[in-house]
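The structure appears right after this line, and notes come after that.
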There are 2 protein chains.
Amino acid sequence: MHPSIINSEFNKTIAPWLGKTSKMLNMYILDVFNKNNIQLTKQQWVVLKILHEDTNGIIQNDLACITERNKASLTRLINVMEKNNLVTRIPFKADSRKNVIQITKKGDELFLKTKPLLLNSLDIIQCGITENEMKDLISILAKIQNNLKKHTI
Amino acid sequence: MHPSIINSEFNKTIAPWLGKTSKMLNMYILDVFNKNNIQLTKQQWVVLKILHEDTNGIIQNDLACITERNKASLTRLINVMEKNNLVTRIPFKADSRKNVIQITKKGDELFLKTKPLLLNSLDIIQCGITENEMKDLISILAKIQNNLKKHTI
DNA sequence: AAATAAAGGTTGCATATGCAACTATGTTAA
DNA sequence: TTAACATAGTTGCATATGCAACCTTTATTT
């Protein structure tokens, strides 16, 4: 074990653990997609998931908030996904500043195709972790998210 | 609560929780740095932390592994940090392909200055979480990291 | 009603980062 | 010993993303 891993006050905090695990998980998921010839980034997949569960579509700006990215970044993500026929931009009648983003049939089918693959891959990664541990983990992360929401303007 | 947050099998997995919490935490830390006029990115800070704890310096490629990034990305990160006099590249005598990366006096001072600030900020974010919960969280994340190491080539 | 402010979305700019190709140096095998 | 292979680091290219400036539309103020 590398000296930097031990004996550090920081390693008793969430910061290094969260960041590193998250980064490793992202690379793993990307790898799963690549190996199965699925032309999706993790970010695109997150958007598909959200839109799949909200069939009325979501205002572009709300989608930015939900996915925790700024509107510029979302604009470009949607540009790519619209070009690939995964989602559509629909002008919002009640307020012409807004766009509604909806999943397309192709997007929905791709999501449903990737779903079991991804759930299965996540199962592998969560091997050896009990249901209770998962519940605990999620409840702690939820607490941290709440704290972060309070302390970010 | 947004419909996509509930009723999804995925939300019983680590993936969405880890990714989102980690992203929020990154933004929070960046914000702390900005508000305190500290000219550091979170990535630079991680490198400073590792080098601070290893006064002999670390081979550039090893640093890439430890920080979970590829060598191209690390090359550029070190370029920036060397330009800012936070670290130095020293040719490794025993193998002239290698560089040893060492923290400079300025880098070390900056790290020591940010340390209490960051520990304090993390304390705020971990408010309401007991020591035992922290231990559990870290041990679960360590398990997940081990699983990920096994399943990534 | 007109003027000002706010909100949603897009674009330019800067930076970060992964992959693949490349160079230089070391190691291994024939 | 030389040829083939492996390793460390850099660079070009592609993509992702944040910030700030900007345009258009809506809301608020006077």
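A note on names: the letters A, B, ... follow the listed sequences, proteins ahead of strands, and every chain is numbered from 1.
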Determine, step by step, whether A:Tyr28 and A:Ile124 satisfy the side chain to side chain contact (heavy atoms under 4.5 Å, CB included) criterion, reporting the C-alpha distance in whole Å, the side-chain angles of both residues, the deciding distance to 0.1 Å, and the verdict.
-> CA-CA 11 Å; A:Tyr28 171 73; A:Ile124 293 171; 4.0 Å; yes
Nucleotide range of DNA chain C contacted by chain A, 5' to 3', under 4.0 Å to a heavy atom?
-> C:dA6 to C:dG18
Report which part of the nucleic acid B:Thr75 touches: base, sugar-phosphate, or nothing (heavy-atom distance under 4.0 Å, all strands).
-> base
For the helix from C:dA1-D:dT30 to C:dA30-D:dT1, measure the angle between the helix axis at one end and the axis at the other, each built from five pairs, rounding to 10°.
-> 20°
Can B:Arg97 and B:Asn61 be counted as having a side-chain donor-acceptor contact under 3.5 angstrom?
-> no
Under the 3.5 angstrom rule, does the side chain of A:Asn36 hit a backbone N or O of A:Val32 as a donor-acceptor pair?
-> yes
Sorted by position of nearest nucleotide on DNA chain D, 5' first, the leading residue of B:Ala72 and B:Lys23 is B:Ala72
Distance from B:Glu82 atom CD to B:Gln102 atom CD, nearest 0.5 Å?
-> 11.5 Å
Please give, in whole Å, the distance from D:dG9 P to B:Asn61 CG?
-> 5 Å
Answer with base, sugar-phosphate or nothing: what part of the nucleic acid does B:Asn79 contact at a heavy-atom distance below 4.0 Å?
-> nothing
Please tell me which of A:Arg97 and A:Leu77 maps to the more 5' nucleotide of DNA chain D, matching each residue to the nucleotide holding its nearest heavy atom.
-> A:Leu77
Relative to the 5' end of DNA chain C, which residue comes earlier, B:Ala94 or A:Arg89, by the nucleotide with the nearest heavy atom?
-> A:Arg89
Using the benzene-type ring in the case of Trp, are the ring centres of A:Trp17 and A:Phe10 under 6.0 Å apart?
-> no
The residue, A:Asn34 or B:Thr41, whose nearest nucleotide of DNA chain C is more 5′ is B:Thr41
Sugar-phosphate, base or nothing in reach of A:Asp95, heavy atoms under 4.0 Å = sugar-phosphate
Is the side chain of B:Lys71 donor-acceptor paired with the backbone N or O of B:Ala64 at a distance under 3.5 Å, no angle test?
-> no
Which pairs would a plain distance check flag for residues 115-123 of chain B, meaning a side-chain donor or acceptor within less than 3.5 Å of a matching protein atom at least two apart in sequence or in another chain?
residue  : atom : partner  : partner atom : Å
B:Lys115 : NZ   : A:Glu9   : OE2          : 3.2
B:Ser121 : OG   : B:Leu117 : O            : 2.8

Given the rule in the side chain to side chain contact (heavy atoms under 4.5 Å, CB included) test, do B:Leu48 and B:Ile103 qualify, once you have shown the distances and angles that lead to the verdict?
-> CA-CA 7 Å; B:Leu48 283 189; B:Ile103 196 168; 3.8 Å; yes
Which part of the nucleic acid does A:Lys71 contact within heavy-atom distance under 4.0 Å: base, sugar-phosphate only, or nothing?
-> base
In whole angstroms, how far is the C1' atom of D:dG9 from the CZ atom of B:Arg76?
-> 11 Å
Measure across A:Thr13 and B:Ile138 and return the closest heavy-atom pair with its distance rounded to 0.1 Å.
-> O-CD1, 4.2 Å
